[in-house]
S.K.: 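Encoded as structure tokens, here's the structure I'll be asking about.
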Amino acid sequence: MGGESIKKEKDKLRKGLNILIATPGRLLYHLQKTTSLSLANLKYIVFEESDRTLDMGFKRELEDIIAIINKQTDFDKIQKMLISASYTEKIESLWLKISRTESKYIGFSKNEEDENEMIYDEEFKIPTTLA
């Protein structure tokens with residue numbers, strides 16, 4: 001959600017959704033005002049550019065979004081992904097508001113032996129096209 005007219009988005013939302021990726025302002029708008037928005041089939045929610053979103057002052061909107069989704073769904077059953085260029089205390093705090101599980105860092109680290117060593121959780125499988 002975001003980047004299109006609200007009317008076009010409402011038309012699409014009537015069909016339902018399984019994966020949710022949205023800008024915070026537009027998502028909050030739809031959660032509060034779009035009566036046809038159903039989260040019944042929601043399986044995944046992605047909070048992209050989380051560090052930037054927090055830096056731009058959207059902390060309250062994210063908290064409101066989390067509270068609304070938590071009331072409308074079994075939020076524990078939804079897979080949550082928080083994507084960020086940096087891992088800070090603000091990001092960890094946001095993660096703790098959306099999940100009862102420990103965060104898992106997946107990314108790259110620089111070391112002397114291998115410039116781009118991939119760090120990942122053993123349970124997380126990287127698609128071969130990305131490895």
Side-chain angles (χ1 to χ4, degrees):
M1 283 182 256
E4 284 192 293
S5 75
I6 290 174
K7 183 185 179 329
K8 281 185 181 179
E9 288 178 353
K10 283 182 177 185
D11 291 342
K12 291 178 183 178
L13 291 173
R14 282 189 189 94
K15 298 174 185 172
L17 51 110
N18 295 15
I19 300 172
L20 179 56
I21 304 171
T23 58
R26 188 60 64 94
L27 175 56
L28 188 56
Y29 172 88
H30 284 299
L31 288 170
Q32 293 173 335
K33 301 190 186 293
T34 303
T35 56
S36 61
L37 173 60
S38 171
L39 302 176
N41 295 321
L42 185 63
K43 294 181 181 13
Y44 306 95
I45 185 166
V46 179
F47 294 93
E48 210 233 333
E49 296 273 348
S50 299
D51 54 343
R52 188 81 179 109
T53 302
L54 291 172
D55 289 344
M56 292 172 61
F58 285 101
K59 181 180 182 213
R60 182 71 191 150
E61 287 84 348
L62 289 172
E63 290 172 348
D64 290 348
I65 289 165
I66 292 163
I68 292 168
I69 293 175
N70 209 7
K71 285 179 188 174
Q72 294 184 12
T73 66
D74 186 353
F75 202 44
D76 289 336
K77 291 185 178 179
I78 297 170
Q79 183 174 346
K80 299 159 230 29
M81 291 167 260
L82 195 145
I83 300 170
S84 175
S86 59
Y87 193 81
T88 64
E89 287 182 25
K90 287 184 200 177
I91 297 299
E92 180 68 18
S93 175
L94 177 61
W95 178 257
L96 292 172
K97 288 178 180 164
I98 67 172
S99 181
R100 290 185 175 93
T101 62
E102 184 179 317
S103 62
K104 296 180 181 179
Y105 175 82
I106 301 165
F108 290 95
S109 174
K110 290 196 173 204
N111 65 33
E112 293 175 18
E113 294 174 15
D114 183 4
E115 255 183 48
N116 292 313
E117 175 189 11
M118 182 67 172
I119 296 175
Y120 59 95
D121 186 279
E122 290 299 324
E123 296 173 21
F124 179 77
K125 302 294 182 221
I126 302 168
T128 55
T129 56
L130 299 177

S.K.: Side chains of Ile68 and Leu28: closer than 4.5 Å at any heavy-atom pair?
M.R.: yes
S.K.: Considering only heavy atoms from C-beta outward, does the side chain of Leu37 approach that of Leu17 to under 4.5 Å?
M.R.: yes
S.K.: Taking C-beta and beyond as the side chain, do Phe47 and Thr53 meet within less than 4.5 Å on heavy atoms?
M.R.: no
S.K.: Could you give all pairs that pass the side chain to side chain donor-acceptor pair (under 3.5 Å) test and reach residues 32-49, with sequence neighbours left out?
M.R.: His30-Thr34
S.K.: Which atoms form the tightest heavy-atom contact between Ile83 and Val46, and what is the distance?
M.R.: CD1-CG1, 3.7 Å
S.K.: Answer yes if Tyr29 and Phe58 sit in the same cluster of Ile, Leu, Val, Met, Phe, Trp and Tyr residues linked by side chain heavy atoms under 4.5 Å apart, and no otherwise.
M.R.: no
S.K.: Filter on side chain to side chain donor-acceptor pair (under 3.5 Å), then keep only pairs touching residues 70-82, sequence neighbours left out; what's left?
M.R.: Asp76-Arg100
S.K.: In Å and rounded to the nearest 0.5 Å, what is the CD1 to CG distance from Ile78 to Leu42?
M.R.: 4.0 Å
S.K.: Take Ile66 and Leu94, measure what side-chain contact (heavy atoms from CB on, under 4.5 Å) needs, and give me the verdict at the end.
M.R.: CA-CA 10 Å; Ile66 292 163; Leu94 177 61; 3.8 Å; yes
S.K.: Heavy-atom count around Lys10 NZ within 6.0 Å, excluding the residue itself: above 12?
M.R.: yes
S.K.: With side-chain contact (heavy atoms from CB on, under 4.5 Å) as the criterion, how do Ile69 and Leu20 come out once you've worked through the C-alpha distance, each side chain's angles and the decisive distance to 0.1 Å?
M.R.: CA-CA 11 Å; Ile69 293 175; Leu20 179 56; 4.2 Å; yes
S.K.: Hey, any chance Leu62 and Met56 share a hydrophobic cluster, counting ILVMFWY side chains that come within less than 4.5 Å of each other, even indirectly?
M.R.: no
S.K.: Test side-chain contact (heavy atoms from CB on, under 4.5 Å) on Leu27 and Glu61 and set out the steps.
M.R.: CA-CA 9 Å; Leu27 175 56; Glu61 287 84 348; over 6 Å; no
